[in-house]
Amino acid sequence: MYTPQASDHFTFGLWTTGNRGRDPFGSEVRPVLSPVDNVELLGELGAYGVNFHDNDLIPIDATPSQQAQILRDFSAALQRTGVKVPMVTVNLFSEPVFRDGAFTSHSKAVRAYALQKTMAAMDVGAQLGAEIFVLWGGREGAEVDAGKDPRDGLRWYRECVNYLCEYVRDRHYAMRLALEAKPNEPRGDIFLPTTGAMLGFIATLQYPDMVGVNPEFAHEAMAGLNFTHQVAQALDANKLFHIDLNDQKGPRFDQDLRFGAENIKTAFFLVKLLEDAGYTGMRHFDAHALRTEDAVGVRACAGGCMRTYLILREKVKAFHADQEIQALLSDLSARGDKEPIVYTEAGAKRLRESAFDRHAEAERGLGYERLDQLTMELLLGVR
Ligand code: GLT
Ligand code: MN
Ligand code: MN
């Protein structure tokens, strides 16, 4: 029951299962996992797909013939394992040239180079069938507000995203862009720090229909936000193009923990939201094994992400089938009819003249304590 199927659309990044455990205070603890071995691993674990940054697969200084050889080997591994490439992204954060931003750099030459690098990554993605291109602007931001008018940053950001949409259209790529927000790290303050901010920005673009969001659990938790609500807003706007699932212990450095490792109730309501909404996109786990782990721990992390998702999906079914929970919910929905509130002049006049007993309506409690306890008991396995 908890064995991943292709139809579950579980994906990982080369940078997640291939994460070597480096942190700002210590070097790598795990050996290199080649892209080909990584694909084999994901195939064995039952993942649907693999995602990567351009330089996770092709080193930045690779010659054209080296690139061709890497792509041949990688494609052969994909063929052998049946693993797909649903999403590709670009690394616009590691190179020193991007130290003050890529799309938001003061330097027009740097912005142009960022576009060049992104177009090349899009070409690779299109060749491998990727339909989503993620943009995570980790270096787009500031520590010092004297250095840049943030409005300039946003204007340059917009120019670049518009440019990339034009490129995708020109090339007839079946590719949509997904913007990933993060409040901070590596920058002191990253521009467009939350999914809600991204949604506002998307509305200002030239081709808003081509651009959506890739919310990450840990990133919204770093900002102290309710991830499920952020994702709900993205779904409501038809902008949930992709999702990064992991976990995080509150506002601190980005932990990218195994999905469900910390906030099990939020993870449950997130799975419920995705399943109830009929979300058909990829469920990407942007999680990596703890630095304490070896190759066995890497498997435990990736396998655990998928298994927890599937367990929670069963719990969602149990929630919908639980008579006591459903009785409380129907009691809530019985408090008013489902007709939308629509303005008419006559209706507004009637409403203005009608009497409303605000005390009577405010008397009854909502029953949320009981509902939450029942949810907890269901999650804890005693229901
Ligand atoms: C980086 C970041 C992730 C993003 C990746 C995509 S890169 O690992 O921390 O959240 O999803 O660029
Ligand atoms: Mn992410
Ligand atoms: Mn993260």
Side-chain angles (χ1 to χ4, degrees), residues 10-24 28 38 49-58 60 85-95 98 101-103 114 117-118 121-122 124-125 130 132-141 157 160-161 164 177-187 190-195 198 212-225 227 230-231 234 240-259 261-263 267 270 281-291 301-302 305:
F10 292 143
T11 65
F12 292 85
L14 285 182
W15 72 92
T16 63
T17 33
N19 180 285
R20 301 184 58 202
R22 185 164 57 99
D23 71 17
E28 288 80 355
N38 209 331
V50 63
N51 311 310
F52 55 86
H53 300 87
D54 49 354
N55 305 135
D56 297 340
L57 182 63
I58 302 158
I60 193 161
V85 177
M87 180 274 264
V88 163
T89 179
V90 60
N91 183 327
L92 297 177
F93 42 88
S94 294
E95 286 293 310
F98 298 131
F103 296 154
K117 196 170 188 294
T118 305
M122 286 177 154
V124 171
I132 297 292
F133 195 91
V134 163
L135 286 172
W136 173 66
R139 293 282 172 201
E140 319 294 2
Y157 216 149
C160 289
V161 177
L164 293 167
L177 280 65
L179 308 182
E180 178 175 346
K182 188 176 184 184
N184 57 272
E185 194 199 29
R187 297 314 297 267
I190 296 180
F191 294 140
L192 302 169
T194 64
T195 294
M198 285 296 182
V213 291
N214 178 39
E216 174 174 316
F217 196 122
H219 297 177
E220 307 294 329
M222 288 170 74
L225 299 177
F227 186 58
Q230 295 289 300
V231 175
L240 190 69
F241 287 8
H242 200 264
I243 192 163
D244 276 6
L245 301 176
N246 53 20
D247 214 337
Q248 168 80 12
K249 253 190 203 190
R252 57 175 74 181
F253 65 94
D254 189 20
Q255 294 181 296
D256 298 329
L257 300 171
R258 194 180 72 257
F259 180 60
E262 280 295 325
N263 302 285
L270 177 73
M282 296 300 129
R283 283 133 173 102
H284 175 240
F285 295 105
D286 198 358
H288 53 75
L290 302 171
R291 193 164 186 269
C301 175
C305 285

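For ligands, and for the atoms within them, numbers begin at 1 and follow the listed sequence.
Arg22 places no side-chain N or O within 3.5 Å of a backbone atom of Glu28 that could act as its donor or acceptor partner. Between the side chain of Arg187 and the main chain of Glu140, no donor-acceptor pair closer than 3.5 Å is present. No donor-acceptor pair under 3.5 Å is formed between the side chain of Arg139 and the backbone N or O of Gly137. Formation of a donor-acceptor pair under 3.5 Å by the Thr17 side chain with backbone atoms of Leu14 is not found in this model.
If you look at the Mn ion (ligand 2), the protein N, O or S atoms less than 2.8 Å from it are Glu180 OE2, Glu216 OE1, Asp244 OD2, Asp286 OD2.
Taking 4.5 Å as the limit, some side-chain heavy atom of Phe52 sits within range of a side-chain heavy atom of Val124.
Asp254 has its closest N, O or S atom to the Mn ion (ligand 3) at the position named OD2.
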Note to self: Pair Val88, Leu57 - check side chain to side chain contact (heavy atoms under 4.5 Å, CB included), show working.
What the structure shows: CA-CA 10 Å; Val88 163; Leu57 182 63; over 6 Å; no

Subject >> side chain to side chain contact (heavy atoms under 4.5 Å, CB included) between Leu177 and Phe241, worked out >> reply: CA-CA 8 Å; Leu177 280 65; Phe241 287 8; over 6 Å; no

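Taking the ring centroids of His284 and Phe259, they lie at or beyond the 6.0 Å cut-off. Ring-centre distance between Phe191 and Tyr157: not below the 6.0 Å cut-off. In this structure, Phe285 has its ring center under 6.0 Å from that of Phe12.
Within 4.0 Å of ligand 1, contacts by protein heavy atoms are made from Trp15, His53, Thr89, Phe93, Trp136, Glu180, Glu216, His219, Asp244, Asp254, Asp286.
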